Visitor: 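Following this message is one structure expressed as structure tokens.
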Amino acid sequence: MKRILRVALVMPLVLAGAACSGKKETPAAVPSGAADAVSTPAPSSAPSATPTGDPAALAATAIAAMSDADLAGQVLMPYAYGSDATTVDKTSAAGNQNLAGVDTPAQMVAKFHLGGLILVSFTAQDPTGSTNPATNVESPQQVRRLTDGLQAAARQLPGGAPLMIGTDQEYGVVTRITNGVTMLPSAMGAGAAAQSPLTEDAWRAAGEELAAMGITVDFAPVADTLGPPANTVIGSRSFGADPAANGGQVAAAVRGLRAGGVAAGLKHFPGHGHTSGDSHQGLPVITQTTAQLAAQDLPPFQAGVAAGAGVVMSGHLDVQAVDKGVPATFSHKIMTDVLRGSLKFTGVAITDAMNMPPAMKWPAGEAAVRALNAGNDMLLMPPDITAARDGILAGLKSGSLKRERLVEAVTRILTLKFRTAQTPQPQIGTVGSDAHQQAVAALDAASITVLKGPCAGPLVGGPVTVTAADGREVARVTLVKALQAAGVTVQAAGGKVVHLVGYGDSGADLDPAAAATVMMDTPYLLASAKSPVLVATYSSSKLSLTALAAVIAGKAKAPGKSPVAVTGLPRTAC
């Protein structure tokens, strides 16, 4: 499948007024698309001089060169089809024509004077997959070529600001770029390790790799405090159920990403953890009282803001104690009074995807104005880019959207862009480096949790046979190889069974005769397992399974502690 683009932003609030230049938008020419590969002339790709000076002053200067249409484009962050900025196949061209009336991603940037794009990918088991109908990331080298081409297109726009290029690289079940990168454990794995320095080092490695690929904002970490076990849309994407512990982990991840050269985006404000509803399907209801919100949901966001997160993403959530019946994305009480007032956040507020059902209650143009008036600065993945842009312009004309509010939003966005552009971009060769592998391996080793079984020596004695629930053959083979490398005898059959289960699996996927059951996602399913040894890795990455193999072989201890309660089991048996 083709791939999508998505963008995010971050930055401190700066007030800057600027005159409108009155320039008119000039859409790019659209090629006919008759050939198998649809190409457009690439904008000049010669690197521009690194912007120097105060980012806020640069933002004010750029705004002075922008028309109202330019300003409207800057707050839009759609996706696009195609793995290259200027050359796409017919299928991608058709997708872009449907989205925006253009063939290529670079043309989309040019036509709408976009502030950003988001890179996405589709996988069947991704709980966010319904909003991501395509894929445009294949390898680190391809992503870098794509982002270089997008930046070249952005440099031609009035104001000359860089493009904000974002993605959802949470690691675990929501990970857009998986090939060739260093894969961190899920957030819950880091929560089990409970060692902030290791979390910070691992997320710094992640930030350096994302920056090397040309991504400027990561929509991570997830700052939601996990409540009911039935909350599968968040699940292991959360660091755990303890708001104070989560705050420490969120802050460490933010510091790591920033040190790596990427802005961090906290989500899903003001907290998606205390509901079993899924905002990709409907409007979840949050029944927390204001006191409960303050004690359980807001602390990780406060910690992330204090650590320097540049972006906060709204949740499409009905927070009844604050603004009953109004999705948080469209609530001034939540996105301005709580986020700006109570939390003192001065960066960029971005909506969750506007193509999700709770945000499509209104036509795209009206939804765009409502979201901006609520306090959001950028609109993520509008379902109709033209209608969103035109709705903003109509709002300016009618007075339903004040120009000062739009300029405030664009000022925040541009300030972040210029600030990020002043950080030297790492070479693409840093992706997957030995140093990054070592940093992340240390976090994985600290996350492995034995909830039942011995705490010293081999977890399973004698030859072992590794089995897995359907769809987990890659993880099974990875563990077999890791066990063999750790000196464990592995047999195709007849050994003591180590059985793997993961995200989305149920009691029917367990093996009651297994000597050991390993859960590679939230550990709740282990409550139903009958094995004498129960282990949680929270992730199925190669480094997580390598750490597991060392514990099974008796060559390493399992220092992790489950960050959520599992019925009938301790947080750790060790």
Side-chain angles (χ1 to χ4, degrees), residues 123-132 168-176 178 183-194 199 219-243 245-246 249-250 253 266-269 271-282 284 286 296-297 300 313 315-317 352 356 444 447 449 451 469 471-472 475 500-507 509-510 517-529 534-541 544 560-567 569 571:
T123 56
Q125 285 201 321
D126 186 336
T128 69
S130 61
T131 62
N132 304 325
D168 293 291
Q169 192 80 348
E170 297 176 16
Y171 302 95
V173 295
V174 177
T175 306
R176 303 299 181 219
T178 58
M183 289 291 291
L184 275 62
S186 68
M188 189 168 284
T199 300
F219 292 121
V222 171
D224 302 326
T225 295
L226 203 60
N231 188 328
T232 57
V233 69
I234 301 300
S236 61
R237 302 166 66 191
S238 166
F239 289 101
D242 184 302
N246 288 358
Q249 291 295 312
V250 167
L266 309 177
K267 61 188 183 187
H268 309 80
F269 189 77
H272 202 316
H274 286 90
T275 175
S276 59
D278 183 351
S279 55
H280 297 85
Q281 300 173 1
I286 307 294
Q296 299 173 0
D297 295 281
M313 179 186 287
H316 300 322
L317 307 162
D352 204 345
M356 293 163 63
D444 280 298
S447 72
T449 306
L451 289 87
R472 311 211 175 276
L500 302 177
V501 286
Y503 174 77
D505 288 339
S506 66
D509 298 297
L510 296 170
T517 297
V518 178
M519 185 59 186
M520 302 181 293
D521 192 61
T522 54
Y524 303 122
L525 186 57
L526 294 177
S528 302
L534 302 175
V535 187
T537 66
Y538 315 95
S539 296
S540 59
S541 70
S544 288
K561 181 179 180 181
S562 175
V564 294
V566 180
T567 303
L569 294 171
R571 297 294 181 102

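Side-chain atoms are counted along with the backbone in the values below, which use heavy atoms only and exclude waters and symmetry mates. Nothing here was measured: the structure is a model prediction, and the numbers come from that model.
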Visitor: Looking just at side-chain N and O atoms, do D444 and S544 make a donor-acceptor pair shorter than 3.5 Å?
Guide: yes
Visitor: Write down the atom of G240, the atom of N246, and the distance for their closest heavy-atom approach.
Guide: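 Result for this residue pair: O-ND2, 2.8 Å.
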Visitor: Under 3.5 Å, is there a donor-acceptor pair between the Y171 and S539 side chains?
Guide: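 No, because no side-chain N or O of Y171 sits under 3.5 Å from a partner of the opposite role on S539.
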Visitor: Minimum heavy-atom separation for Y524 to A565, with atom names?
Guide: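 Smallest heavy-atom distance, with atoms named: CE2-O, 3.5 Å.
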Visitor: Hey, could you give me the CZ/CG distance between R237 and L226, rounded to the nearest 0.5 Å?
Guide: 11.0 Å
Visitor: Would you compute the distance between atom OG of S562 and atom CE of M188 and round it to the nearest 0.5 angstrom?
Guide: 7.0 Å
Visitor: Please determine which of Q169, K267, R176, H268 meets the side-chain contact (heavy atoms from CB on, under 4.5 Å) test together with F219.
Guide: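 Testing each of Q169, K267, R176, H268 against F219, the sole residue satisfying side-chain contact (heavy atoms from CB on, under 4.5 Å) is K267.
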Visitor: Please determine whether side-chain contact (heavy atoms from CB on, under 4.5 Å) holds for the pair V564 and T522, giving the CA-CA distance in whole Å, both sets of side-chain angles, and the decisive distance to 0.1 Å.
Guide: CA-CA 8 Å; V564 294; T522 54; 5.6 Å; no
Visitor: Please check if the side chain of S506 supplies one atom and the backbone of G504 the other of a donor-acceptor pair under 3.5 Å.
Guide: no
Visitor: With heavy-atom distances below 4.5 Å as the criterion, would you say the side chains of L510 and S528 are in contact?
Guide: yes
Visitor: Which value, rounded to the nearest 0.5 Å, describes the distance between D242 atom CG and T225 atom OG1?
Guide: 8.0 Å
Visitor: Could you report the tightest heavy-atom contact between L266 and A223, atom names first, then the distance?
Guide: CB-CB, 4.5 Å
Visitor: Can a donor-acceptor pair be found, under 3.5 Å and without considering hydrogens, that links the side chain of S236 to the backbone of Y538?
Guide: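 Checked: no pair found.
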Visitor: Give a yes or no answer on whether the side chain of S238 reaches the backbone of D224 with a donor-acceptor pair at less than 3.5 Å.
Guide: yes
Visitor: Set out, in order, the CA-CA distance, both residues' side-chain angles and the distance that settles salt bridge (charged side-chain N to carboxylate O under 4.0 Å, His left out) for R472 and D509, then state yes or no.
Guide: CA-CA 11 Å; R472 311 211 175 276; D509 298 297; over 6 Å; no
Visitor: Identify the heavy atoms of L525 and D505 that sit nearest to each other, and give their distance.
Guide: CD2-O, 3.8 Å
Visitor: How long is the gap from OG1 on T537 to CG on L500, to the nearest 0.5 Å?
Guide: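 Rounded to the nearest 0.5 Å, the OG1-CG separation comes to 8.0 Å.
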Visitor: I'd like to know if the side chain of T175 reaches the main chain of G172, judged simply by a donor and an acceptor atom lying under 3.5 Å from each other, with no hydrogens or angles considered.
Guide: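 Answer holds: yes.
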Visitor: Are Q249 and T199 close enough that a side-chain donor and a side-chain acceptor fall under 3.5 Å?
Guide: yes
Visitor: Quick check for you: to the nearest 0.5 Å, what is the distance between D297 atom CG and H272 atom NE2?
Guide: 11.5 Å
Visitor: What pair of heavy atoms forms the shortest contact from G227 to H274, and how long is it?
Guide: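 Between these two residues, the closest heavy atoms are CA-CD2, 3.8 Å.
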Visitor: For the side-chain contact (heavy atoms from CB on, under 4.5 Å) test, which of L534, L451, V535, V501 pairs with M519?
Guide: V501
